[in-house]
Engineer: 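One structure, as structure tokens, below. Some questions next.
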Amino acid sequence: MTARPLPARSRSLGSGLRAAGALVLALTLASCSLLGDRKADEVPATGKADPSIVASAPAGLDSFYSQEVVWEPCENGFQCAKVTVPMDYANPGGDKIQLAALRAPSTGKKTGSLLVNPGGPGGSGYDFVKDAAETHFSQSVRAKYDLVGFDPRGVKRSAPVKCMTDEERDAARAKIYDLETDAGLATVLADNKAIAEKCAAQTGPSLGHIDTISAAKDLDILRAVVNDTKLNYLGYSYGTFLGSTYASLFPNNVGRMVLDGALDPSISNEELTMGQAVAFEKAIRSYVASCQQGDACPLTGSVDSGVQQIRGLINSVQENPRVAKDGRTVNATMFVSGLITPLYNDQSWPALTQALAAAATGDVSLMLRLADLGADRGSNGKYTSNSAFAFSAINCLDYPMVSDPASMRAEERQLRQASPTLGYFFAYGGTNCVDWPYKNVRTPAPVEYTGESPIVVIGTTGDPATPVEWAASLRKQLGNASLLTWQGEGHTAYGRANSCLEDAVDSYFVDGKVPADNTVC
């Protein structure tokens, strides 16, 4: 018997694992405001695009580009606003939705805004800027820009995808299926169809319009309402896909753009899944090698032996699910979710070591806690985001997926061969979309960029979620771009890498100095 298939965390920083160090923060800080005592503005600030910006708005969208946005003091030192966009860009006169945005005002002489997307799809840029404005960005960047985080359409505060209660989410994560039988596959398909129907009923028609192309068009409206003639943008992981999509749609509006943890927009969902499975297998080996250099590592012998011991733990939980200290049953999928969550940041590897050591004695409680962090589930049983729902909904619109049983089983065999530890848990992703109420609106293709502003693309050699090869591919597709590579472990680089990379990105954002192509840090 096997657990519910783990949806390939394609383009994902992991729910609750935004960019640099979020897991470390979650493990060490019960709750805090990273903004300290910085005071909010006493009165609301209004914003309206310059007439020249409105004049360049796409046909039929003038009212959205010229809207007056009110930035209210919020969140202990920030400003918040709602930005109105069309639900369906093919019918801008129809229904509208609102995007939630949060701004950290510049600390010096402002020259513009820097819009930030932390990944996903499903990650909250609002939360990212709120939690990391003071710790993630250099003082020189903070002085030059207002930092603007936003929840893309479908995410958390912006016409969110709604599907299940917290109790239903717990039950769905705990289910076990025998996918190697027709009956087991039929059961997971039926369950996923029921979830899709709940999403459609609870979300409404906006569910069919949360694709990345629509989100990129939203991004241009956001650029206009913060009164910037060019978009300055930092995108992580899925945010690189959003950014490159924007660059292809609005090449003349690109300002200073950094795409970190690059996704290759030309590859299929199946190629994406295979790339991640291989990269996570590589990350496990890197983790084991590091673990074995310490005194407290429970994985003995060679790296191969240590990896085999992890496989043994997974197999044992697969055969006999365990009960954690809180009384919840931990199946193999939940165990693997806990295993991969710390792989997004090597600063979190010690937490994985503790969880594996406990699991080897039969206690899976720490592994469950890591899985819950990845799922944005608090210890009180409440989920703090809708990232899992948004993730599936956006992927189903962005990608055609192989979903017939024979093809999915063939893909499973290939994944098992390429990634013996985790490959199976990346299989059967097509079951999520086969009965989705809206069909995909995009076919993967290379991105085309004709703008004059050079874009910086970043890859990390040990990145498990966006393999470093994807960064080189994206840089080639963009043409007018510079590739910056960090020799490190974990997902994405800027904000947690070495001074070589941090200084290169800061110089680009602050002074416009483009790092030499193929710079390695």
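Remember, it's a predicted structure, so these values are computed and weren't measured experimentally.
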Engineer: Does Arg256 make a cation-pi contact with Phe509 (under 6.0 Å, within 45 degrees of the axis)?
Structural biologist: no
Engineer: Thr240 side chain to Leu263 main-chain N or O, any donor-acceptor pair under 3.5 Å?
Structural biologist: yes
Engineer: Taking Arg475 for its side chain and Ser482 for its backbone only, find out whether a donor-acceptor pair lies under 3.5 Å.
Structural biologist: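 Not confirmed, Arg475 side chain does not pair with Ser482 backbone.
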Engineer: Go through Phe241 and Leu259 one step at a time and tell me if the side-chain contact (heavy atoms from CB on, under 4.5 Å) criterion holds.
Structural biologist: CA-CA 8 Å; Phe241 179 44; Leu259 306 178; over 6 Å; no
Engineer: Are Asn253 and Asp220 close enough that a side-chain donor and a side-chain acceptor fall under 3.5 Å?
Structural biologist: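 Checked: Asn253/Asp220 side chains pair up, N/O donor to acceptor below 3.5 Å.
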Engineer: Is the shortest heavy-atom distance from the side chain of Val254 to the side chain of Leu231 under 4.5 Å?
Structural biologist: no
Engineer: Looking at Arg496 and Glu502, is any side-chain nitrogen of the basic one under 4.0 Å from a carboxylate oxygen of the acidic one?
Structural biologist: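 Not counted as a salt bridge, because no side-chain N and carboxylate O are separated by less than 4.0 Å.
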Engineer: Could you tell me whether Tyr126 and Phe78 have their ring centroids closer than 6.0 angstrom?
Structural biologist: no
Engineer: Which residues satisfy the ring-ring contact (aromatic ring centres under 6.0 Å, His included) test with Phe250, sequence neighbours excluded?
Structural biologist: Tyr246
Engineer: Can any side-chain N or O of Asn91 pair as donor or acceptor with the backbone N or O of Asp88 at less than 3.5 Å?
Structural biologist: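 Between the backbone of Asp88 and the side chain of Asn91 there is no qualifying donor-acceptor contact (under 3.5 Å).
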Engineer: Ignoring hydrogens and geometry, is there a side-chain-to-backbone donor-acceptor pair from Asn480 to Glu452 under 3.5 Å?
Structural biologist: yes
Engineer: Would you confirm whether Tyr89, through its side chain, and Asp218, through its main-chain N or O, come within 3.5 Å as a donor-acceptor pair?
Structural biologist: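 Looks like yes, one N/O pair under 3.5 Å.
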Engineer: Start with the C-alpha gap between Val505 and Tyr494, add the side-chain angles, then the distance that decides, and say whether side-chain contact (heavy atoms from CB on, under 4.5 Å) holds.
Structural biologist: CA-CA 8 Å; Val505 175; Tyr494 180 62; 3.5 Å; yes
Engineer: Could you list the residues that satisfy salt bridge (charged side-chain N to carboxylate O under 4.0 Å, His left out) with Lys156, not counting sequence neighbours?
Structural biologist: Asp127
Engineer: Test of understanding: with side chain to side chain donor-acceptor pair (under 3.5 Å), list the residues that count as partners of Ser473, not counting sequence neighbours.
Structural biologist: Asp264, Gln477
Engineer: Quick one about Ser138 and Asp506 (side-chain donor to acceptor, distance below 3.5 Å, no hydrogens or angles considered), yes or no?
Structural biologist: yes
Engineer: Can you see whether His491 engages Thr460 through a side-chain donor-acceptor pair at a distance of less than 3.5 angstrom?
Structural biologist: no
Engineer: Would a 4.5 Å heavy-atom cut-off, applied to side chains only, mark Val457 and Val258 as touching?
Structural biologist: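 No. Closest side-chain heavy atoms not under 4.5 Å.
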Engineer: Taking 4.0 angstrom as the limit, do Arg153 and Asp211 come out as a salt bridge?
Structural biologist: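 Salt bridge: no.
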Engineer: Relative to Phe389, does Arg169 satisfy both conditions: NZ or CZ under 6.0 angstrom from the six-membered ring centre, and within 45 degrees of the ring's axis?
Structural biologist: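 Pair Arg169/Phe389 counts as cation-pi.
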Engineer: Looking only at side chains, do Arg103 and Ser113 share a donor and an acceptor under 3.5 Å apart?
Structural biologist: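 No pair is found: no donor N or O on one side chain lies under 3.5 Å from an acceptor on the other.
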Engineer: Considering only heavy atoms from C-beta outward, does the side chain of Pro86 approach that of Ile221 to under 4.5 Å?
Structural biologist: yes
Engineer: Take His136 and Phe128 through the test ring-ring contact (aromatic ring centres under 6.0 Å, His included) and record every step on the way to the result.
Structural biologist: CA-CA 10 Å; His136 195 85; Phe128 180 81; 5.0 Å; yes
Engineer: Could you check whether Asp398 pairs with Arg442 (Lys NZ or Arg NE/NH1/NH2 to Asp/Glu carboxylate O, under 4.0 Å)?
Structural biologist: no
Engineer: Is it the case that Thr466 and Tyr238 place a side-chain donor and acceptor less than 3.5 Å from each other?
Structural biologist: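 Side chains of Thr466 and Tyr238: no pair found under 3.5 Å.
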